[in-house]
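See below for the structure under consideration.
Hydrogens, waters and symmetry mates play no part in the numbers below; they use all other heavy atoms, side chains included. Naming: A, B, ... by sequence-line order, numbering from 1 per chain. Source: prediction; values computed, not measured.
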Protein chains: 2
Amino acid sequence: MHTRLSSASKEVTIGDDQPFCIIGERINPTGRRLFQEQLRAGDLSAIERDVAAQVAQGAMVLDINMGVPLTDEPALLRRAVKLVQSITDLPICIDSSVVEALEAGLSVYEGRALVNSITAEDDRMAEILPMVKHYNAAVIALPNDHDEIPMEADKRLVLTKKILDTAVDKYGLAVEDIIIDPLAMPIGADPNIVNVAYETIHRIHDEYGANMTVGASNVSFGMPGRQTINATFLPMAMTVGLTSAIMDARTPQIVEAVKAADLLLGHDEWGMAWIAAHRARQVAEKASTP
Amino acid sequence: MHTRLSSASKEVTIGDDQPFCIIGERINPTGRRLFQEQLRAGDLSAIERDVAAQVAQGAMVLDINMGVPLTDEPALLRRAVKLVQSITDLPICIDSSVVEALEAGLSVYEGRALVNSITAEDDRMAEILPMVKHYNAAVIALPNDHDEIPMEADKRLVLTKKILDTAVDKYGLAVEDIIIDPLAMPIGADPNIVNVAYETIHRIHDEYGANMTVGASNVSFGMPGRQTINATFLPMAMTVGLTSAIMDARTPQIVEAVKAADLLLGHDEWGMAWIAAHRARQVAEKASTP
């Protein structure tokens, strides 16, 4: 199953026969105090650096979240979408919990955006899915209900089915326009919690063939050695069917692990991309040697 | 299912509810010209360094292969087994294609050894399985026939069933004493070849619950960035049921990836081992700062 995203000039395809889709998580003020202050003052200049760093390491889509309390989030998100589209041709994932902000971002977006996100709650689907349809976008859907995150794969599968059925039957979307987030939570909270995510991914892949994405940095929250945990989590999730992630696209260790997994899963035939990236690093290292 | 290995004083359990069993590959003259020359001259001193390096990074079992042409391999293997058992309490994997060498190693081994390896060939099973039974050892079994490596998971499953049935019904071994090698081959040879290994691992785990091991360094043969490929391959294989590997136990990147996968799979409750290893590295770094 293929989910197509695009900017004005570039298309990205997400699918289980494609290289893993790396969605850069960086343009997000959560936990970034300085960036929050800049956004409150209407200063978007940090975004240019964030775009450049993520593009340089291999981001294929960029998530944009402008969720700063006490600001006009729709206006900020509209400006940010326009700014990012002016400096890169990567497709964008428009990320907000505020419906008006999603609408503002979509209204100025050129191409086929990804919307982040809906849940299995009827009111959230009713507010957002018609908009996704109207703007011909795709959407990330979390299989949880009333802010409660199900701890069993069974329940996540039931809510996934509810979302897919509702999106298709009631709002006229195609299954390939819904990207399920199987819910990856911190391993430090419960030793079995990542196994539940892997089981959920495996079963959604087998039963629906739907594309999936996760907020990949969550799993290592509170642990030391976060980059190694994140670089290990993603290939494991890819093995059972994960096709994209909203992730740290600036850390070579993590991006390289994803590229190695692409190679091992047969999504980089004869290692063409792997070998080319290796050569490019050698050239860069040589160039930086005094 | 639990496979127990032991030395005179230490037991190691392999199983899908256990931390991954890291079998150090280093004590092997293949591709090591200097070591080959030393072994031809009867000089085993390099082994002490190889043991120390593997133990330091986290090996849990040590493979010993003394396959040098034009030597008395049984005599060398007997000496090497005694030497290694005199300097470490880790269990040993006695590795040879020569039946007499396996017998020589087993005859002096103290504890419960792992024997590497048999295939699905009747004559190889007839020569080795009675010896494995006699010495109360466990054995690695490759599901291939007459030197031909099957390229389809189906065929590997058929040969796995043949091996397990023969070992149990004809030679009186227990299923837990057979560790299947699902056959990991170089990704550079065929873009789908690692997928076949993953499918084989998944199906053997589901259908027989048997423990498995692979020669993990093979997959990256001929590619640049081998350590990253190896560090990515193992967590992926663990996700579908691999429980041990004969692997590079001296490279921190690879061992840390396995430990991160243990954490994510719930085999390191609350991250106790992960956090302890992180603290030990911090202490070591501090101590080495001038």
Side-chain angles (χ1 to χ4, degrees), chain A residues 184 186-199 201-202 219-220 222-242 252-272 274-282, chain B residues 184 186-199 201-202 219-220 222-242 252-272 274-282:
Chain A
I187 186 66
D190 175 345
N192 199 44
I193 213 160
V194 175
N195 282 326
V196 172
Y198 292 151
E199 184 192 344
I201 293 167
H202 200 159
V219 293
S220 61
M223 282 282 163
R226 291 193 66 176
Q227 294 184 354
T228 299
I229 296 174
N230 294 347
T232 304
F233 167 74
L234 283 166
M236 296 173 83
M238 291 165 70
T239 310
V240 287
L242 189 73
Q253 181 186 3
I254 298 172
V255 173
E256 284 173 26
V258 165
K259 298 299 183 185
D262 278 337
L263 171 66
L264 292 165
L265 292 172
H267 300 159
D268 173 15
E269 287 215 347
W270 313 111
M272 300 287 280
W274 181 260
I275 293 166
H278 183 79
R279 286 194 183 141
R281 273 197 299 277
Q282 282 184 318
Chain B
I187 186 68
D190 176 344
N192 199 43
I193 214 161
V194 175
N195 282 327
V196 173
Y198 292 151
E199 184 191 344
I201 293 167
H202 201 160
V219 293
S220 60
M223 282 284 162
R226 291 192 67 176
Q227 294 184 354
T228 299
I229 296 174
N230 294 348
T232 304
F233 167 73
L234 282 166
M236 296 173 82
M238 291 166 71
T239 310
V240 286
L242 189 72
Q253 182 186 2
I254 298 172
V255 174
E256 283 172 28
V258 166
K259 298 300 183 185
D262 277 338
L263 171 66
L264 292 165
L265 292 172
H267 300 160
D268 173 15
E269 288 215 346
W270 312 110
M272 299 287 281
W274 180 260
I275 293 165
H278 183 79
R279 287 196 182 139
R281 275 198 298 278
Q282 282 184 320

Query raised in the report: Out of B:His202, B:Gln253, B:Arg279, B:Met238, which one racks up the most heavy-atom pairs below 4.5 Å with chain A?
Result: B:His202
**Report entry** Top contributor to chain A interface from B:Gly225, B:Pro224, B:Gly266 [non-hydrogen pairs under 4.5 Å]
**Finding:**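 Most pairs with chain A among the choices: B:Pro224.
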Query - Leading residue by heavy atom contact count with chain B [cutoff under 4.5 Å; candidates A:Gln282, A:Arg281, A:Glu269] - result: A:Glu269
Query raised in the report: In terms of heavy-atom pairs under 4.5 Å, which option from A:Ala261, A:Gly271, A:Ala237 contacts chain B the most?
Result: A:Ala261
I need the [X] [atom1] to [Y] [atom2] distance, nearest 0.5 Å.
{"X": "A:Thr228", "Y": "B:Lys259", "atom1": "OG1", "atom2": "NZ", "value": "14.0 Å"}
{"X": "A:Thr232", "Y": "B:Met236", "atom1": "OG1", "atom2": "CE", "value": "11.5 Å"}
{"X": "B:His278", "Y": "A:Met223", "atom1": "NE2", "atom2": "CE", "value": "11.0 Å"}
{"X": "B:Thr239", "Y": "A:Asn195", "atom1": "OG1", "atom2": "CG", "value": "9.0 Å"}

Please state whether the side chain, the backbone, both or neither of [X] comes within less than 4.5 Å of a heavy atom of chain B.
{"X": "A:Asp268", "result": "neither"}
{"X": "A:Ala197", "result": "neither"}
{"X": "A:His267", "result": "neither"}
{"X": "A:Tyr198", "result": "side chain"}

**Report entry** Flag side-chain contact, heavy atom, 4.5 Å: B:Val194 against A:Leu265
**Finding:** no
Requested in this report: With the side chain counted from C-beta on, respond yes when A:Trp274 and B:Ile229 share a heavy-atom pair under 4.5 Å apart, and no when they do not.
Outcome: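 Yes - at least one pair of side-chain heavy atoms lies under 4.5 Å apart.
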Query raised in the report: So which part of B:Leu263 gets closer than 4.5 Å to some heavy atom of chain A, the side chain, the backbone, both or neither?
Result: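 Interface part for B:Leu263: both.
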Query raised in the report: What are the two closest heavy atoms between B:Trp270 and A:Ala189, and how far apart are they?
Result: CZ3-O, 3.6 Å
